[in-house]
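One-based numbering along the sequence shown. Only heavy atoms go into these numbers, but all of them, side chains included; no hydrogens, no water, no symmetry mates. As the structure is a computational prediction, the values presented were derived from the model and not from experiment.
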Amino acid sequence: MAAVNSSKHSRSKSQLNAISKWNIMQYKLYLICTFLLLFVSLCFSDDDHEMEEFLKREFSLSKPYQGVGSLGSSHWELMGDAMVTTDQVRLTPDMQSRQGAVWSRIPCHLKDWEMQVHFKVHGQGKKNLNGDGLAIWYTKERMQKGPVFGNMDNFTGLGVFVDTYPNEEKHIERIFPFVIAMVGNGTISYDHERDGRPTELGGCNAMVRNQKHDTFLFIRYIRRRLTVMIDIDGQHEWRDCLDIPGVRLPLGYYFGASAITGDLSDNHDIISLKLYQLTVLRSKKEEKEEEQDVITIPSVDNMELLRLGQNEEGMSGLAIFFTVLFSMLGCIFLIVIGMVVYSHWNESRRKRFY
């Protein structure tokens, strides 16, 4: 009888141990799941910066374009060959040697913003027989004609270019049209012959010409980070184009869009420019740092590193050939030296044994 009670007691004890172990495992699993959920929520809150967006109509341009171009009755002003129709603001017609622009009359003092650009590039020209492209601007200057997609050179601020014609010969690694971004401080010139490559922050190819569906460009500036995305495939999905931290843009600049044609041409149309104010929660420390670090001249942190990366990425075929050739010669030289050293060592080793 005692043996039976003992066995029952041992079984109940083992069951209790098993239950307690199971409870401990459940508790650990609960803690792990809670930690993961907290981590994911923190990541998402950090990515979104607990962000809200508000459409700013005074900086936006959309149908029916009431009063655009007329004196004093609109927030937007036309320049050059730009004209308003019922469906778009046409910056240039599909004709040679035209340039036009539309500029906001009001300076923007938003710290964080995003611009959604609905545009269209189309014309009669065949592939690589069209040009030249359009640009979206956030600059100190406005209403200045010039060679940089219809705007002045040596501009001060941000330009995002949809370049539809390759000026540089033997463009091996790029397919045009191509989107790039550039920050100017008033002294930096845009290099037409090299399609702006020496001063670009980054970019991506974008097959935007003669599309039957809508094409969009997305520019976001938040916490001194510039992000550009495109939606050109008709799938209503944004595709990454460039993402650059450390971009410093002053407040009080003007938004605009411009385009230019030369010997080759296209229709460059803006259907809408929609600017959203981004409300981002900042810590007191971040607010204090931004108050102390007032930006007066546009600049980009670590610009030299960006240029170095572009140079490495854009090495010519000849440079790659010589790099591979000298690498192979170096390897062969090291192998020969190794063989000579080994033969001398082996010979001296044999002499010690005789």
Side-chain angles (χ1 to χ4, degrees), residues 45-62 65 67-68 74-77 89 101-119 134-144 151 155-161 179 181-186 201 216-231 238 240-258 270-301:
S45 66
D46 184 60
D47 286 343
D48 294 337
H49 305 289
E50 299 181 17
M51 185 173 59
E52 295 180 355
E53 60 180 34
F54 305 94
L55 178 66
K56 304 295 288 184
R57 296 188 182 278
E58 64 269 32
F59 298 109
S60 299
L61 176 68
S62 58
Y65 315 113
V68 173
S74 171
H75 296 311
W76 293 86
E77 187 174 359
V89 175
V102 58
W103 283 95
S104 172
R105 286 191 168 104
I106 308 172
C108 178
H109 292 273
L110 302 178
K111 284 185 178 180
D112 306 291
W113 49 266
E114 68 180 33
M115 173 73 80
Q116 295 182 15
V117 184
H118 184 187
F119 70 100
L134 61 85
I136 307 300
W137 302 97
Y138 174 71
T139 55
K140 180 180 180 180
E141 308 86 5
R142 61 183 295 274
M143 301 292 290
Q144 299 290 327
N151 189 33
F155 61 88
T156 309
L158 170 69
V160 179
F161 311 138
V179 176
M182 172 183 169
V183 170
N185 61 10
L201 300 181
F216 297 89
L217 185 68
F218 172 99
I219 306 166
R220 173 181 283 177
Y221 181 67
I222 179 171
R223 286 184 170 177
R224 298 178 181 173
R225 189 180 197 97
L226 177 67
T227 304
V228 176
M229 294 187 286
I230 55 175
D231 176 13
W238 292 110
D240 292 338
C241 185
L242 63 92
D243 185 15
I244 306 295
V247 177
R248 299 171 178 268
L249 299 175
L251 304 179
Y253 283 9
Y254 297 91
F255 287 105
S258 67
I270 297 292
I271 290 90
S272 68
L273 299 171
K274 294 183 179 179
L275 185 78
Y276 293 87
Q277 178 182 3
L278 304 180
T279 303
V280 182
L281 294 180
R282 286 175 166 82
S283 65
K284 291 183 179 179
K285 182 181 177 182
E286 288 176 324
E287 290 179 355
K288 188 176 180 180
E289 288 176 352
E290 289 187 1
E291 287 176 1
Q292 293 175 347
D293 185 17
V294 179
I295 303 170
T296 57
I297 299 176
S299 63
V300 181
D301 297 344

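The shortest heavy-atom contact between R248 and Y221 is CA-OH, 3.7 Å. For the residue pair C108 and L275, the shortest heavy atom distance occurs at SG-CD2, 4.3 Å. Here the shortest heavy-atom pairing between M229 and D240 reads SD-OD1, 3.4 Å. Pairing each heavy atom of L217 with each of W238, the nearest pair is C-CZ3, 4.1 Å. W103 and R142 get closest at one heavy-atom pair: CE3-CB, 3.7 Å. Heavy-atom minimum distance, P298 versus P250: CG-CD, 3.8 Å.
Residues F161 and W137 place their aromatic rings such that the two centres sit under 6.0 Å apart.
Rounding to the nearest 0.5 Å places CZ of R220 at 7.0 Å from OG1 of T227. To the nearest 0.5 Å, the span separating CD on E286 from CG on L281 amounts to 10.0 Å. If you take CG on D231 and CZ on F216, they are separated by 6.5 Å, rounding to the nearest 0.5 Å. One distance of note links CD of Q116 with CZ of F218; it measures 6.0 Å at 0.5 Å rounding. The structure places CG of L242 at 10.0 Å from CD1 of I230, a figure rounded to the nearest 0.5 Å. Atom-to-atom distance recorded for W76:CH2 and S62:OG is 10.0 Å, nearest 0.5 angstrom.
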- Could you walk me through whether L226 and I219 pass side-chain contact (heavy atoms from CB on, under 4.5 Å), step by step? CA-CA 7 Å; L226 177 67; I219 306 166; 3.9 Å; yes
- Might you work through the side-chain contact (heavy atoms from CB on, under 4.5 Å) test for V247 and R224, ending with a clear yes or no? CA-CA 5 Å; V247 177; R224 298 178 181 173; 5.7 Å; no
- Item | Check against side-chain contact (heavy atoms from CB on, under 4.5 Å), I270 and V117 | CA-CA 8 Å; I270 297 292; V117 184; 4.1 Å; yes
- May I have the step-by-step check of side-chain contact (heavy atoms from CB on, under 4.5 Å) for M115 and F59, ending in yes or no? CA-CA 10 Å; M115 173 73 80; F59 298 109; 6.0 Å; no
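Each of F54, F255, Y276 was scored for a ring-ring contact (aromatic ring centres under 6.0 Å, His included) with W113, with one residue passing: F255. A side-chain contact (heavy atoms from CB on, under 4.5 Å) with I244 holds for exactly one of L201, V183, V228, D301; it is L201.
Counting non-hydrogen atoms of neighbouring residues, nucleotides and ligands closer than 6.0 angstrom, the CG atom of L55 exceeds 12 such neighbours. Counting heavy-atom neighbours within 6.0 Å of K111 NZ, excluding the residue itself, gives a total above 12.
Residues meeting the salt bridge (Lys or Arg N to Asp or Glu O under 4.0 Å) test with R225, sequence neighbours left out: D243. Applying the side-chain hydrogen bond (donor to acceptor under 3.5 Å, both in side chains) criterion to N185, with sequence neighbours excluded, gives T187.
A salt bridge between E287 and R282 is absent, with no side-chain N of the basic residue lying under 4.0 Å from a carboxylate O of the acidic one. We find that D112 and R223 are not joined by a salt bridge, their nearest charged nitrogen and carboxylate oxygen being 4.0 Å or further apart.
Contact annotation: the side chain of I295 never approaches that of L249 to less than 4.5 Å [non-hydrogen atoms, C-beta and beyond].
Of the possible donor and acceptor atoms, none in the side chain of S272 sits under 3.5 Å from a partner among the backbone N and O of K274.
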